[in-house]
Amino acid sequence: MGSHRRPAPSGFDRGAATALCAMSAAAAALGVVPATAAPHDTRAEVDRLYTEAEKATEAYNKADERAGTLRRQVTDAQDRIARQQLRINTMRDRLGSLAGAQYRAGGLDPSLALLFSDDPDDYLDKAAALDRITAHQAGELRELQDAMRDLAQERAEAKRRLGELERSRRAVATHKRTVERKLARARRLLDSLPSAERAAYDRASRSARDGMAFPGGEVPVSGRAAAAVAAARSALGRPYVWGANGPSGFDCSGLMQWSYAQAGVALPRTSQAQAHAGRRVPLSQVRPGDLVTYRSDASHVGMYVGNGRVIHAPYPGAPVRYDPVGMMPISSVTRP
């Protein structure tokens, strides 16, 4: 999904378009559609809203991925803290038992105990063993102190991660509200169009940019690229669902992540990150399975499948489908 080229207005048309755009902007601020808005202005506004919603969706995906990572880190930290606390408790019990035994046996001065001992050799053997036990006890005490220091550091780190997790959760909620608001606005605008204009919008969204030279001489692919293409083709017709990565619905980067996962390849969650998840190649060398990212901010992505086409999840209301590779300005081509 995104902005699509249309003929530039000239002369009187430019003045009329400027006035209509001003009216549309004012109406947008009030949350209504002007009755006099031209269909092509409404379609342009829908384009803009869908583009902004997709950018917000990518931000949502990034924040949600970060929150998921933090949740796993916090869970792991809590497990480590529990194990460390159990170890400390065991060490304390062992040291306490040894100290109690020493206290109960330590009523006599060592020299007097030797004097009154029935078996001085046996006493000396026991004394040597006691020295070794005392040295071992000192070592265990140092180990206990180290364990307690490590535990305090783990707890401080877990607390920091919990705070970061809460901030990430708030960011996810904020991006979610932004996406929902823009998508609802776009849907209302589309619904305001006559059915013929809605169909024209869908056709325009599938048209290639003027002057785009499609690559030829396709190279057959195999292995993981072929498996990813087959997975993407199996998703044709499934709905666009923002924030989803399959298998019943997808957003644009979710479809790429899911398709490559079926081929045993782990891709990052967002289109911006996917643009760097492999080797960059020029469009003239594109092969089936390559990821094609769009717009200067790489906020949309599709998978090249040959014959000048990509498979992608366009926008809400448009299912996973084929479209021309040049449907939007291309940012990069990446081979995972």
Side-chain angles (χ1 to χ4, degrees), residues 1-4 46-62 64-65 175-176 178-180 182-184 186-187 190 198 201-208 225 227-263 265-275 277 286 288-295 297-306 308-334 336:
M1 83 189 177
S3 300
H4 313 285
V46 170
D47 262 347
R48 185 185 69 80
L49 287 166
Y50 274 151
T51 299
E52 291 180 358
E54 187 159 52
K55 292 177 181 179
T57 297
E58 287 297 291
Y60 167 88
N61 288 338
K62 186 175 182 179
D64 191 51
E65 183 178 44
H175 291 308
K176 181 178 181 179
T178 300
V179 174
E180 289 174 336
K182 291 182 182 297
L183 291 180
R187 177 50 55 191
L190 272 179
R198 286 199 297 272
Y201 174 83
D202 187 63
R203 286 194 301 274
S205 75
R206 306 182 71 150
S207 62
V229 169
R233 284 184 170 135
S234 75
L236 287 167
R238 296 182 197 176
Y240 179 103
V241 179
W242 74 265
N245 60 348
S248 58
F250 304 90
D251 61 22
C252 68
S253 56
L255 175 62
M256 302 300 104
Q257 187 184 51
W258 178 85
S259 296
Y260 262 99
Q262 310 316 299
V265 178
L267 290 183
R269 180 64 182 90
T270 66
S271 59
Q272 289 94 340
Q274 289 173 2
V286 67
D290 290 349
L291 305 180
V292 183
T293 50
Y294 295 93
R295 309 191 191 102
D297 60 356
S299 57
H300 189 78
V301 63
M303 183 185 296
Y304 187 73
V305 292
R309 297 190 301 174
V310 294
I311 289 177
H312 70 137
Y315 51 81
V320 175
R321 69 190 188 192
Y322 293 108
D323 272 326
V325 67
M327 62 185 173
M328 287 181 253
I330 293 173
S331 172
S332 65
V333 179
T334 303

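Since the model is a prediction, treat every value here as computed from it, not as a measurement. The analysis underlying the following values was restricted to heavy atoms, covering all of them including side chains, and did not include hydrogens, waters or symmetry mates.
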Do S253 and R269 have side chains that get closer than 4.5 Å, going by heavy atoms? yes
So, do Y60 and W242 have ring centers that fall under 6.0 Å from each other? yes
Show the nearest heavy-atom pair for residues I330 and V325, with the distance to one decimal. CD1-O, 3.6 Å
When you check the side-chain N and O atoms of S271 and T293, is any donor under 3.5 Å from an acceptor? no
Using the side-chain contact (heavy atoms from CB on, under 4.5 Å) rule, take Y260 and L291 through it: C-alpha gap first, then chi angles, then the decisive distance, then the call. CA-CA 10 Å; Y260 262 99; L291 305 180; 4.0 Å; yes
Between H300 and Y294, how do the two ring planes meet: parallel, tilted or perpendicular, split at 30° and 60°? tilted
Under 3.5 Å donor-acceptor, R233 side chain and V305 backbone: yes
Applying side-chain contact (heavy atoms from CB on, under 4.5 Å), run through I311 and L236 and close with a yes or a no. CA-CA 8 Å; I311 289 177; L236 287 167; 4.1 Å; yes
Heavy-atom distance under 4.5 Å between the side chains of V301 and Q272, does that happen here? no
Shortest non-hydrogen contact from V292 toward Y304: CG2-CB, 4.1 Å
Nearest 0.5 Å please: distance from the OG1 atom of T57 over to the OH atom of Y240. 4.5 Å
Residue pair V229 / M303, side-chain heavy-atom distance below 4.5 Å: yes
Do F250 and H312 come close enough that some side-chain heavy atom pair is under 4.5 Å? no
With rounding to the nearest 0.5 Å, note down the distance linking CG in L267 to CE in M256. 9.0 Å
Please name the pair of heavy atoms, one in G243 and one in D251, separated by the smallest distance, quoted to 0.1 Å. N-OD2, 3.0 Å
Can you name the closest pair of heavy atoms from S248 and P239 and give their distance? O-CD, 3.2 Å
Nearest atoms (heavy-atom pairs only) where V320 meets A313: CG2-CB, 4.1 Å
State, with a plain yes or no, whether a side-chain heavy atom of R238 is found less than 4.5 Å away from one of P319. no
Indicate the atoms forming the closest heavy-atom contact of G289 with P336, along with that distance. O-CD, 4.0 Å
What's the spacing between N245 CG and C252 SG if we round to 0.5 Å? 12.0 Å
